[in-house]
**Q** 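Would you mind keeping the following structure in view while I ask a few things?
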Amino acid sequence: MRASLIQIAVDPDEPVDSRRARVARLVREESGRADLVVLPELWPMGAFAYELFAAESEPLNGPTHRAMAAAARDAGVWLHAGSFVEAEGGALYNTSLVLSPDGELIASYRKIHRFGFDKGEAVMMAAGEDLVTVDLPHLTLGVGTCYDLRFPELFRGLVDAGAQAFVVPAGWPARRRAHWTLLAQARAVENQAYVLACGTAGTHAGVEQAGHSIVVDPWGEVLAEAGPDEETLRVVLDPAKVTATREQFPALKDRVLGIAAPRRV
Ligand SMILES: O=C(O)CCC(=O)C(=O)O
(Lines give C-alpha, C1' and ligand atoms only; values in the text may rest on other atoms or scores of the structure.)
Protein backbone atom coordinates (compact mmCIF):
# COMPACT_ATOMS: atom_id res chain seq x y z
CA MET A 1 0.00 0.00 0.00
CA ARG A 2 1.40 3.38 -1.04
CA ALA A 3 0.89 6.21 1.45
CA SER A 4 1.52 9.93 1.06
CA LEU A 5 1.68 12.31 4.04
CA ILE A 6 1.19 15.94 3.06
CA GLN A 7 2.84 18.24 5.60
CA ILE A 8 0.92 21.47 5.09
CA ALA A 9 2.36 24.89 5.94
CA VAL A 10 -0.15 26.76 8.11
CA ASP A 11 0.60 30.49 8.17
CA PRO A 12 -1.91 33.23 9.05
CA ASP A 13 -1.35 35.17 5.80
CA GLU A 14 -3.16 32.48 3.79
CA PRO A 15 -6.96 32.72 4.14
CA VAL A 16 -8.69 29.50 5.20
CA ASP A 17 -10.62 29.22 1.91
CA SER A 18 -7.44 29.53 -0.13
CA ARG A 19 -5.69 26.93 1.99
CA ARG A 20 -8.64 24.58 1.63
CA ALA A 21 -8.49 24.87 -2.17
CA ARG A 22 -4.70 24.46 -2.16
CA VAL A 23 -4.84 21.36 0.04
CA ALA A 24 -7.50 19.84 -2.23
CA ARG A 25 -5.13 20.40 -5.18
CA LEU A 26 -2.27 18.74 -3.29
CA VAL A 27 -4.48 15.71 -2.55
CA ARG A 28 -5.45 15.47 -6.25
CA GLU A 29 -1.76 15.54 -7.18
CA GLU A 30 -1.36 12.21 -5.35
CA SER A 31 -3.66 10.52 -7.88
CA GLY A 32 -1.85 7.42 -9.20
CA ARG A 33 0.93 7.86 -6.62
CA ALA A 34 -0.85 6.83 -3.43
CA ASP A 35 -3.55 4.50 -2.13
CA LEU A 36 -3.78 6.43 1.16
CA VAL A 37 -3.20 10.16 1.67
CA VAL A 38 -2.81 11.68 5.13
CA LEU A 39 -3.19 15.35 6.17
CA PRO A 40 -2.29 17.05 9.48
CA GLU A 41 -4.31 18.30 12.45
CA LEU A 42 -6.47 21.45 12.19
CA TRP A 43 -4.79 22.52 8.94
CA PRO A 44 -7.68 24.85 7.94
CA MET A 45 -6.80 27.40 10.66
CA GLY A 46 -3.90 25.96 12.70
CA ALA A 47 -3.91 24.02 15.96
CA PHE A 48 -2.92 27.11 18.00
CA ALA A 49 -5.17 29.70 16.30
CA TYR A 50 -7.64 29.53 19.21
CA GLU A 51 -9.31 32.81 18.22
CA LEU A 52 -10.41 31.20 14.93
CA PHE A 53 -11.77 27.95 16.37
CA ALA A 54 -15.38 29.07 16.75
CA ALA A 55 -15.45 31.27 13.62
CA GLU A 56 -14.05 28.51 11.40
CA SER A 57 -15.97 25.63 13.00
CA GLU A 58 -18.16 23.54 10.70
CA PRO A 59 -20.62 20.71 11.04
CA LEU A 60 -20.00 17.39 9.32
CA ASN A 61 -20.72 17.92 5.63
CA GLY A 62 -19.36 21.46 5.89
CA PRO A 63 -16.87 23.07 3.48
CA THR A 64 -13.80 21.10 4.62
CA HIS A 65 -15.57 17.75 4.56
CA ARG A 66 -17.07 18.45 1.12
CA ALA A 67 -13.80 19.71 -0.37
CA MET A 68 -11.89 16.71 0.95
CA ALA A 69 -14.54 14.22 -0.21
CA ALA A 70 -14.34 15.67 -3.73
CA ALA A 71 -10.53 15.56 -3.67
CA ALA A 72 -10.51 11.92 -2.45
CA ARG A 73 -12.94 10.99 -5.21
CA ASP A 74 -11.01 12.83 -7.94
CA ALA A 75 -7.70 11.33 -6.79
CA GLY A 76 -9.20 7.87 -6.21
CA VAL A 77 -7.49 7.58 -2.80
CA TRP A 78 -8.37 6.73 0.76
CA LEU A 79 -8.00 10.06 2.53
CA HIS A 80 -7.32 10.65 6.21
CA ALA A 81 -8.27 14.31 5.88
CA GLY A 82 -6.50 15.47 9.05
CA SER A 83 -8.78 17.32 11.44
CA PHE A 84 -11.05 20.37 11.49
CA VAL A 85 -13.07 22.11 14.22
CA GLU A 86 -16.42 20.36 14.26
CA ALA A 87 -19.45 22.19 15.69
CA GLU A 88 -22.14 19.89 16.98
CA GLY A 89 -24.86 20.32 19.61
CA GLY A 90 -23.37 23.57 20.94
CA ALA A 91 -19.91 22.01 21.44
CA LEU A 92 -16.67 22.09 19.44
CA TYR A 93 -14.58 18.99 18.73
CA ASN A 94 -11.20 18.37 17.09
CA THR A 95 -12.51 15.89 14.53
CA SER A 96 -10.67 13.93 11.88
CA LEU A 97 -12.27 12.23 8.89
CA VAL A 98 -11.45 9.15 6.87
CA LEU A 99 -12.92 9.15 3.36
CA SER A 100 -13.06 6.36 0.81
CA PRO A 101 -11.91 6.66 -2.83
CA ASP A 102 -15.60 7.29 -3.63
CA GLY A 103 -15.58 10.27 -1.28
CA GLU A 104 -17.78 8.48 1.25
CA LEU A 105 -17.25 9.20 4.95
CA ILE A 106 -15.96 5.93 6.44
CA ALA A 107 -15.08 7.13 9.95
CA SER A 108 -14.71 10.21 12.08
CA TYR A 109 -12.65 10.51 15.24
CA ARG A 110 -12.99 13.17 17.91
CA LYS A 111 -9.64 13.79 19.65
CA ILE A 112 -9.76 12.25 23.11
CA HIS A 113 -6.85 14.04 24.85
CA ARG A 114 -7.26 17.79 24.45
CA PHE A 115 -4.10 19.88 24.58
CA GLY A 116 -3.53 23.15 26.45
CA PHE A 117 -3.93 22.34 30.16
CA ASP A 118 -5.89 25.43 31.26
CA LYS A 119 -6.31 27.13 27.89
CA GLY A 120 -6.93 26.65 24.17
CA GLU A 121 -8.28 23.35 22.98
CA ALA A 122 -8.45 21.94 26.53
CA VAL A 123 -11.07 24.49 27.57
CA MET A 124 -12.65 25.38 24.22
CA MET A 125 -13.33 21.92 22.88
CA ALA A 126 -15.17 18.87 24.15
CA ALA A 127 -13.36 15.52 24.34
CA GLY A 128 -14.11 12.57 22.12
CA GLU A 129 -14.89 9.30 23.85
CA ASP A 130 -14.52 6.60 21.22
CA LEU A 131 -11.53 4.74 19.88
CA VAL A 132 -11.71 4.44 16.10
CA THR A 133 -10.22 1.86 13.75
CA VAL A 134 -10.74 1.71 9.99
CA ASP A 135 -10.44 -1.42 7.86
CA LEU A 136 -8.76 -0.51 4.58
CA PRO A 137 -8.60 -3.30 1.98
CA HIS A 138 -5.27 -4.70 3.29
CA LEU A 139 -4.54 -2.76 6.46
CA THR A 140 -6.41 -1.81 9.63
CA LEU A 141 -5.74 1.76 10.73
CA GLY A 142 -6.07 3.08 14.26
CA VAL A 143 -6.43 6.83 14.56
CA GLY A 144 -5.22 9.32 17.14
CA THR A 145 -4.53 13.06 17.03
CA CYS A 146 -1.41 14.99 18.13
CA TYR A 147 -1.37 15.11 21.97
CA ASP A 148 -2.92 11.60 21.97
CA LEU A 149 0.57 10.41 20.99
CA ARG A 150 1.64 10.92 24.62
CA PHE A 151 -0.90 8.39 25.91
CA PRO A 152 0.24 4.81 25.18
CA GLU A 153 -2.95 3.25 26.55
CA LEU A 154 -4.94 4.75 23.67
CA PHE A 155 -2.68 2.99 21.16
CA ARG A 156 -2.85 -0.30 23.09
CA GLY A 157 -6.62 -0.01 22.89
CA LEU A 158 -6.34 0.44 19.12
CA VAL A 159 -4.05 -2.62 18.85
CA ASP A 160 -6.61 -4.64 20.83
CA ALA A 161 -9.18 -3.47 18.27
CA GLY A 162 -6.99 -4.81 15.44
CA ALA A 163 -4.88 -1.80 14.38
CA GLN A 164 -1.77 -2.56 12.31
CA ALA A 165 -0.93 1.08 11.55
CA PHE A 166 -1.59 4.31 13.42
CA VAL A 167 -2.37 7.58 11.66
CA VAL A 168 -1.57 10.59 13.82
CA PRO A 169 -2.28 14.03 12.35
CA ALA A 170 -0.68 16.79 14.40
CA GLY A 171 0.17 20.45 14.79
CA TRP A 172 3.20 19.78 17.00
CA PRO A 173 5.33 22.75 18.14
CA ALA A 174 8.98 22.94 17.07
CA ARG A 175 9.98 23.41 20.71
CA ARG A 176 9.10 19.78 21.49
CA ARG A 177 10.18 18.21 18.21
CA ALA A 178 12.41 15.67 19.99
CA HIS A 179 9.36 14.35 21.89
CA TRP A 180 7.42 13.97 18.62
CA THR A 181 10.08 11.81 16.97
CA LEU A 182 10.72 9.77 20.10
CA LEU A 183 7.03 9.13 20.81
CA ALA A 184 6.28 8.16 17.18
CA GLN A 185 9.05 5.57 17.33
CA ALA A 186 7.99 4.37 20.79
CA ARG A 187 4.36 3.84 19.70
CA ALA A 188 5.62 1.86 16.68
CA VAL A 189 8.03 -0.34 18.64
CA GLU A 190 5.79 -1.10 21.62
CA ASN A 191 2.81 -1.94 19.42
CA GLN A 192 4.71 -3.47 16.47
CA ALA A 193 2.71 -1.28 14.13
CA TYR A 194 3.36 1.36 11.49
CA VAL A 195 3.11 4.97 12.65
CA LEU A 196 2.20 7.62 10.08
CA ALA A 197 2.56 10.92 11.92
CA CYS A 198 1.73 13.95 9.78
CA GLY A 199 2.44 17.40 11.20
CA THR A 200 2.26 20.97 9.96
CA ALA A 201 4.95 23.43 8.91
CA GLY A 202 4.88 27.22 9.25
CA THR A 203 4.17 29.52 12.20
CA HIS A 204 0.72 30.57 13.38
CA ALA A 205 -0.41 32.29 16.58
CA GLY A 206 3.29 32.74 17.33
CA VAL A 207 3.89 28.97 17.54
CA GLU A 208 6.53 27.62 15.18
CA GLN A 209 5.53 24.18 13.98
CA ALA A 210 7.91 21.23 14.07
CA GLY A 211 7.21 19.81 10.64
CA HIS A 212 9.28 16.62 10.56
CA SER A 213 6.37 14.34 9.71
CA ILE A 214 7.55 10.80 10.12
CA VAL A 215 6.72 7.25 9.08
CA VAL A 216 8.02 4.46 11.31
CA ASP A 217 7.78 0.75 10.55
CA PRO A 218 6.75 -1.98 13.05
CA TRP A 219 10.41 -2.57 13.97
CA GLY A 220 10.89 1.09 14.83
CA GLU A 221 12.88 1.97 11.72
CA VAL A 222 12.22 5.41 10.27
CA LEU A 223 11.06 4.93 6.67
CA ALA A 224 10.78 8.63 5.87
CA GLU A 225 11.04 11.93 7.68
CA ALA A 226 10.21 15.41 6.40
CA GLY A 227 12.15 18.59 6.98
CA PRO A 228 10.69 21.73 8.59
CA ASP A 229 8.85 23.08 5.50
CA GLU A 230 5.84 22.06 3.43
CA GLU A 231 6.60 18.67 1.91
CA THR A 232 4.99 15.41 0.82
CA LEU A 233 6.41 12.12 2.12
CA ARG A 234 5.76 9.00 0.05
CA VAL A 235 6.25 5.50 1.48
CA VAL A 236 5.21 1.92 0.81
CA LEU A 237 3.57 0.03 3.69
CA ASP A 238 3.59 -3.76 3.78
CA PRO A 239 0.90 -5.30 6.03
CA ALA A 240 2.90 -8.59 6.03
CA LYS A 241 5.66 -6.75 7.89
CA VAL A 242 3.32 -6.22 10.84
CA THR A 243 2.43 -9.90 10.96
CA ALA A 244 6.06 -10.98 10.56
CA THR A 245 7.29 -8.61 13.29
CA ARG A 246 4.59 -9.78 15.70
CA GLU A 247 5.37 -13.46 14.94
CA GLN A 248 9.16 -13.23 15.03
CA PHE A 249 9.33 -11.11 18.21
CA PRO A 250 6.02 -11.93 19.93
CA ALA A 251 6.29 -9.44 22.80
CA LEU A 252 2.62 -8.45 22.52
CA LYS A 253 1.73 -11.99 23.59
CA ASP A 254 3.66 -11.48 26.85
CA ARG A 255 1.41 -8.68 28.03
CA VAL A 256 0.25 -9.15 31.61
CA LEU A 257 -3.20 -7.66 31.80
CA GLY A 258 -4.84 -6.41 34.97
CA ILE A 259 -1.62 -6.09 36.99
CA ALA A 260 -2.64 -5.59 40.63
CA ALA A 261 -2.07 -2.31 42.45
CA PRO A 262 1.38 -2.13 44.12
CA ARG A 263 1.58 -3.57 47.61
CA ARG A 264 2.82 -1.04 50.14
CA VAL A 265 5.77 -2.42 52.08
O1 LIG B 1 2.07 17.25 23.26
C2 LIG B 1 2.62 18.19 22.68
O3 LIG B 1 3.75 18.55 22.96
C4 LIG B 1 1.92 18.92 21.58
C5 LIG B 1 0.45 18.64 21.53
C6 LIG B 1 -0.28 19.58 20.65
O7 LIG B 1 0.27 20.55 20.19
C8 LIG B 1 -1.68 19.33 20.30
O9 LIG B 1 -2.24 18.29 20.68
O10 LIG B 1 -2.27 20.18 19.60
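Predicted model, so just to flag it, every value in this text is computed and none were measured. Order of listing sets the numbers, starting from 1, for every ligand and every atom in it.
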**Q** If the criterion is any heavy atom closer than 4.0 Å to an atom of ligand 1, which residues make the list?
**A**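 Its neighbours under 4.0 Å (heavy atoms only) are E41, F48, K111, F115, C146, Y147, R150, G171, W172, P173, R176, given by chain and number.
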**Q** Charged N to carboxylate O below 4.0 Å: is that the case for D130 and R110?
**A**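 Here D130 does not pair with R110 in a salt bridge, since their nearest N and O are not under 4.0 Å apart.
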**Q** Just checking R175: does its CZ atom have more than 12 heavy atoms from other residues, nucleotides or ligands closer to it than 6.0 angstrom?
**A**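 No, not enclosed.
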**Q** Are the aromatic rings of F155 and F151 close, with centres under 6.0 Å apart?
**A**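 Not under 6.0 Å, so no.
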**Q** Is there a chain of hydrophobic side chains (I, L, V, M, F, W, Y, each step under 4.5 Å between heavy atoms) that links W219 to L223?
**A**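 No, W219 does not connect to L223 through the hydrophobic network.
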**Q** State, yes or no, whether a side-chain contact exists between L39 and V23 at a heavy-atom distance under 4.5 Å.
**A**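 Answer yes - side chains close enough.
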**Q** Is the closest side-chain donor-acceptor distance between E30 and S4 under 3.5 Å?
**A**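 Short answer, yes.
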